[in-house]
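One structure below.
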Protein chains: 2
Amino acid sequence: MGIIRKTQSVEFLLAEFQSTEALSAIELIGRLDSKLNKTTVYRVLDKLEDDGVLHSFLDNSGIRWYAKCKSCTKSKHFDGHPHFQCLSCGKVDCLNINVYLPEIPNRQVTVSQILIQGNCEFCAN
Amino acid sequence: MGIIRKTQSVEFLLAEFQSTEALSAIELIGRLDSKLNKTTVYRVLDKLEDDGVLHSFLDNSGIRWYAKCKSCTKSKHFDGHPHFQCLSCGKVDCLNINVYLPEIPNRQVTVSQILIQGNCEFCAN
DNA sequence: AATGTTAATGCAACTTGGTTGCAAAAGTAA
DNA sequence: TTACTTTTGCAACCAAGTTGCATTAACATT
């Protein structure tokens, strides 16, 4: 069950996703503190994900990140791309590359989550 | 700072990792409920990870899993292999395969976490 | 524009996985 | 056996996320 009404909350949230950078639920709750309740933030993020507008994933410390989907629809979520997290500045974004997963004997693969961590271009050393 | 004393807690915990199956912290706390306090479980798991005896990773719902390391040492954690979670029965284990990650422009890669989800051999349909 | 319906929201209270501080217990070296 | 230090259990805490419910706001219909 996705979005069915164009509410202010939806607009406030979508406005935060102008760039391709991923944002954590926590970050969004902080940014929108004066405008939206945290429950609403979680609920709207959920619905936007159902609708294929955003996709979400976890980083290595267990917090959830959201990013704009490029080619997802309600029925088919295409979020097989890897995500990159800079261990220095903390920023997370989507990588526009394909990772080839080998066949795995005896198992049917449905989804894969790939999180790559390291230093981003601004934090190289 | 890893294990420096061979305590009962360490032995109880290691006894659970006979197979290569991964176990969640939650599962272990449940299994060892009569023997160990949950704080102790978390602390010993932590230390065993520091020592390169276990490695840990998160599944897609944010809970942490632990599995025995094959070739890790205190100094170098080799846990670059992918993990497989059966979406039907919930079991998680380590995959003994290599995933080739392409070069990513402008970024230094340190670690990668790959979680593959689908159906295991017993839950194929 | 006013109205009725139902989805969306805010709030407070709760759940869950995990952490912390501290006194008591258990390992270990001598 | 003693002395020292790590490890443990307990209770209290923390943070991310969820739930129930009364109120508010979209929006289709009139």
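Residue numbers start from 1 in every chain, and the chains themselves are labelled A, B, ... in the order their sequence lines are given, proteins ahead of strands.
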Quiz item: Is a donor on one side and an acceptor on the other found under 3.5 Å between the side chain of A/Asp33 and the backbone of A/Leu36?
Solution: no
Self-check item: Euclidean distance, atom CG of residue B/Asp59 to atom C1' of C/dG18 [Å, nearest integer]
Solution: 15 Å
Quiz item: Where the side chain of A/Ile4 is concerned, which of C/dC11, D/dG9, C/dA8 is the nearest nucleotide?
Solution: C/dA8
Practice problem: Determine which bases of DNA chain D form Watson-Crick or G-U wobble pairs with both distances under 3.5 Å, and write the result as a 5' to 3' dot-bracket string with | for other-strand partners. | Solution: ||||||||||||||||||||||||||||||
Exercise. Please tell me which of the listed nucleotides, C/dA8, C/dT28, C/dC11, lies nearest to the side chain of A/Asn37?
Key: C/dC11
Practice problem: Validate the cation-pi geometry between B/Arg107 and A/Phe84: distance from NZ or CZ to the six-membered ring centre under 6.0 Å, angle to the ring axis within 45°. | Solution: yes
Self-check item: Out of C/dT9, C/dT20, C/dG18, whichever nucleotide has its closest atom nearest the side chain of A/Val44
Solution: C/dT9
Exercise. Round to a whole Å and report the spacing from CD of B/Gln8 to P of D/dG9.
Key: 9 Å
Quiz prompt | Rounded distance (Å) that lies between atom C1' of C/dG18 and atom CG of B/Leu45 | solution = 12 Å
Quiz item: Out of C/dA7, C/dG18, D/dT7, which nucleotide sits closest to the side chain of B/Ile26?
Solution: C/dG18
Practice problem: Take the protein atom CD1 of B/Ile29 and the nucleotide atom P of C/dT15, then report the distance between them rounded to whole Å. | Solution: 18 Å
Exercise. Could you please name the option among D/dC10, C/dT9, C/dT19 that lies closest to any side-chain atom of A/Ser9?
Key: C/dT9
Exercise. Would you check if A/Asn60 and A/Gln117 make a side-chain contact, meaning some heavy-atom pair closer than 4.5 Å?
Key: yes
Quiz item: Roughly, in whole Å, what's the span from CG in B/Leu13 to P in D/dT7?
Solution: 14 Å
Quiz item: Any idea which of D/dC10, D/dA16, C/dA7 is nearest the A/Ile63 side chain?
Solution: D/dA16
Quiz item: Quick one: does B/Asp51's side chain have a donor or acceptor within less than 3.5 Å of a partner on B/Val53's backbone?
Solution: no
Practice problem: Check each of B/Glu49, B/Lys68, B/His81 against B/His55 using the side chain to side chain donor-acceptor pair (under 3.5 Å) test, and report the only one that passes. | Solution: B/His81
Quiz item: Does a side-chain N-to-carboxylate-O contact under 4.0 Å join A/Lys6 and A/Glu11?
Solution: no
Quiz prompt | A/Thr39 side-chain proximity, nearest of C/dA8, C/dA26, D/dT19 | solution = D/dT19
Exercise. Look at all strands and tell whether B/Thr7 reaches a base, only sugar-phosphate, or nothing, counting heavy atoms closer than 4.0 Å.
Key: sugar-phosphate
Quiz item: Does B/Glu21 CD have over 12 foreign heavy atoms under 6.0 Å away?
Solution: yes
Quiz item: CD of A/Glu121: more than 12 outside heavy atoms within 6.0 angstrom?
Solution: yes
Practice problem: Provide, to the nearest angstrom, the distance between the CG atom belonging to A/Asp46 and the C1' atom belonging to C/dA8. | Solution: 14 Å
Exercise. Quickly work out the A/Arg64 CZ to C/dG17 P distance and round it to whole Å.
Key: 15 Å
Quiz prompt | side-chain N/O A/Lys6 vs D/dC27 OP1/OP2, d < 4.0 Å | solution = no
Practice problem: Considering just the side-chain nitrogens and oxygens of B/Tyr42, establish if one lies under 4.0 Å of OP1 or OP2 belonging to C/dG18. | Solution: yes
Quiz item: Where the side chain of A/Lys38 is concerned, which of C/dA7, D/dT18, D/dT7 is the nearest nucleotide?
Solution: D/dT18
Quiz item: Should A/Lys35 be listed as having a side-chain N or O under 4.0 Å from OP1 or OP2 of C/dT9?
Solution: no
Practice problem: From the options C/dT9, D/dG17, C/dG18, select the nucleotide whose nearest atom is closest to the side chain of A/Ala25. | Solution: D/dG17
Exercise. Please state how far atom CH2 in A/Trp65 lies from atom P in D/dA16, giving the value in whole angstrom units.
Key: 12 Å
Quiz item: Between the base of C/dG18 and the side chain of B/Arg43, is there any donor-acceptor pair under 3.5 Å?
Solution: no
Self-check item: Listed nucleotide nearest any side-chain atom of A/Arg5, set C/dA7, C/dT9, C/dG21
Solution: C/dA7
